[in-house]
Amino acid sequence: MKRFIKKDGMHRRLEGWPLLFTILVTISILIGGIVEFLPLALVPSTVHKIESVEPFTPLELAGRDIYIREGCNNCHSQMVRPFRHELERYGEYGKPGETVYERPFLWGSKRTGPDLARVGGKYPHLWHVRHMEDPRSTSPNSIMPPYDWLLRKDATLSDLPTKLRTLKALGTPYSQDEIDNAVALAEAQAQEIADEVAAQGGPDGLADKEITALVAFLQRLGTDIQQAPDATTAEAASTKETEDALAAEGDAP
Ligand code: HEC
C-alpha cells in the first residue's frame with residue numbers, strides 16, 4: 001500500500017483536496033476549450049462563399065415560411081450527403097456555402113420522404129400543385145399527407161418587408177429597393193408561376209394563394225449552383241468534386 005501511494009503520490013494527494021482539485025480541473029478544461037475554439041474564431045469564415053448563391057426572393061421566403069409552418073422538414077431533409085447512392089439519386093452533394101442565407105437552415109436528417117435539396121426544376125409547377133393537393137395523384141401509394149388548403153388559402157405577403165429587413169440586419173444582402181418593393185416583387189413572381197400553372201392545364205387564379213409561394217420555394221431549391229456564371233468551369237469543378245467524393249468512398253466509376 002505504501003509503495004502504491006508513493007507511485008501515484010502527487011495525484012493522489014491532489015484528489016484529497018477537493019476544492020483545489022476542482023479549480024485545477026476547471027483550468028485544464030478551459031485551456032482545452034480555448035485551444036479548440038481559437039482557430040475557429042480566428043479564421044474569417046469556415047464557409048466558402050459560392051458566387052452564384054443568391055438570397056431567396058420575397059415570394060420564395062414566404063413559401064419557405066409555409067414549408068416550416070407545415071412541418072415539411074419533419075419528413076424531408078435538404079442535404080445531399082457525399083455518398084455514391086445519394087449522388088446518383090439526388091445529384092450534387094450539399095455544400096455549406098449553398099445555405100448561407102438560410103435562417104434557420106433546414107438540412108435535417110429525418111427522411112420519411114426524399115431529400116429535397118435538389119428538387120428545384122425537377123418537376124413542372126403543375127406537378128407540385130397536384131402533388132400538394134393530393135400526393136397520390138402524382139405518386140401512387142404516397143404516404144405524404146395532402147395539403148389541399150394551400151390551394152385555397154391566401155398567402156400573407158404584407159409582412160415581407162419586415163422579414164427582409166430582419167434578414168438584412170442578420171447579414172443577408174437585400175437592397176433597400178428590394179425591401180421597399182418586396183410585396184410587389186412577390187406578387188409579380190406569383191403571377192408568373194400562376195400563369196404557367198394555368199398554361200400547363202392546371203387551375204386558374206392561384207396567384208395569391210399559399211401554394212404559389214410554396215412552389216416558388218421548392219423550385220428554387222438546389223438551383224443556385226446550377227446557374228454558376230461560368231457554367232463550364234463550375235460544372236467541371238463540381239464534376240471533379242463529385243468524382244473525388246466517389247473516389248474517397250473507394251468505388252469511383
Ligand atoms: C409524413 C411525411 C411527409 C410530410 C409531412 C411531407 N412529405 Fe413530402 N413526401 C413524403 C413522401 C413519403 C414522399 C414520396 C412520395 C411522393 O412523391 O409523394 C414525398 C415527396 C415529396 C416531394 C417530391 C420529391 C421528389 O423528388 O419526387 C415533394 C416536392 C414534397 N414531398 C414536398 C413536401 C412539402 C412541401 C411538404 C410540406 C407542405 C411535405 N412534402 C410534407 C412524405 C412527407
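Atoms within a ligand are numbered from 1 in the order they appear, just like the ligands themselves. The structure displayed is predicted, hence computed values, not measured ones.
Checked against a 3.5 angstrom limit, the closest N/O atoms of His128 and ligand 1 fall outside it. For ligand 1, none of its N or O atoms has an N or O atom of Tyr147 under 3.5 Å away. Taking distance alone, with nitrogen or oxygen atoms compared against 3.5 Å, Tyr67 stays at or beyond that limit from ligand 1.
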Checklist entry - Do His125 and Gln200 pass the side-chain hydrogen bond (donor to acceptor under 3.5 Å, both in side chains) test, and can you show the C-alpha distance, the side-chain angles, and the key distance before you say yes or no? => result CA-CA 8 Å; His125 297 334; Gln200 287 164 355; 5.8 Å; no
Item to check | Worked check of ring-ring contact (aromatic ring centres under 6.0 Å, His included) between Phe217 and Phe56 | outcome: CA-CA 8 Å; Phe217 170 64; Phe56 288 111; 5.7 Å; yes
Next on the checklist: With side chain to side chain contact (heavy atoms under 4.5 Å, CB included) as the criterion, how do Leu150 and Glu70 come out once you've worked through the C-alpha distance, each side chain's angles and the decisive distance to 0.1 Å?
Outcome noted: CA-CA 10 Å; Leu150 298 178; Glu70 298 300 341; 4.2 Å; yes
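Here the shortest heavy-atom distance to atom 22 (C) of ligand 1, taken over Met132, Lys110, His131, Gln219, belongs to His131.
Summary of contacts: the protein heavy atom closest to atom 1 (C) of ligand 1 is Cys75 SG, 2.8 Å. Shortest contact from atom 13 (C) of ligand 1 to any protein heavy atom: Pro114 CD, 3.4 Å. Annotation: atom 23 (C) of ligand 1 to nearest protein heavy atom, Trp127 CH2, 3.6 Å. What sits closest to atom 37 (C) of ligand 1 on the protein, heavy atoms only, is Cys72 SG, 1.8 Å.
Distances shorter than 4.0 angstrom occur between a heavy atom of Tyr123 and an atom of ligand 1. Taking a 4.0 Å cut-off on heavy atoms, Ile143 registers as neighbouring ligand 1. Within the structure, the closest approach of Phe217 to ligand 1 does not fall below 4.0 Å when heavy atoms are considered.
Hydrophobic clustering (ILVMFWY, side-chain heavy atoms < 4.5 Å, transitive): Leu170 and Phe105 are in distinct clusters.
Within a 6.0 Å radius of CG in Asn74, more than 12 heavy atoms belonging to other residues, nucleotides or ligands are found.
Atom-to-atom distance recorded for Thr138:OG1 and Met144:CE is 8.0 Å, nearest 0.5 angstrom. Atom CD1 of residue Ile211 and atom CG of residue Asp148 lie 10.0 Å apart, to the nearest 0.5 angstrom. Within the model, atoms CH2 of Trp149 and CE of Met132 stand 10.5 Å from one another, a figure rounded to the nearest 0.5 Å. Within the model, atoms OG1 of Thr212 and CD of Glu210 stand 10.0 Å from one another, a figure rounded to the nearest 0.5 Å.
Although no hydrogens or angles enter the test, the distance criterion places no donor-acceptor pair under 3.5 Å between the side chain of Ser77 and the main chain of Asp115. For Gln219 (side chain) and Tyr123 (main-chain N/O), a donor-acceptor pair under 3.5 Å exists by modelled atom type.
Below 4.0 Å from some heavy atom of Gly113 lie the following atoms of ligand 1, by number and element: 10 (C), 11 (C), 12 (C), 13 (C), 42 (C). Of all atoms in ligand 1, listed by their number and element, those nearer than 4.0 Å to a heavy atom of Lys122 are 25 (C), 26 (O), 27 (O). Those atoms of ligand 1 that come under 4.0 Å of a heavy atom in Ser142, given as number and element, are 15 (C), 16 (C), 18 (O). Of all atoms in ligand 1, numbered sequentially from 1 with element shown, those under 4.0 Å from a heavy atom of Pro145 are 1 (C), 3 (C), 4 (C).
Atoms NE2 of His76 and SD of Met144, as seen from atom 8 (Fe) of ligand 1, are separated by an angle of 180°, to the nearest 10°.
With a heavy-atom cut-off of 4.0 Å, Leu116 touches ligand 1 through its side chain alone. When non-hydrogen atoms are compared, ligand 1 lies under 4.0 Å from neither the backbone nor the side chain of Arg136. Of the heavy atoms in Ser139, only side-chain atoms (C-beta onward) come closer than 4.0 Å to ligand 1.
Residues Thr172 and Tyr101 come closest through the heavy atom pair CG2-CD2, 3.7 Å.
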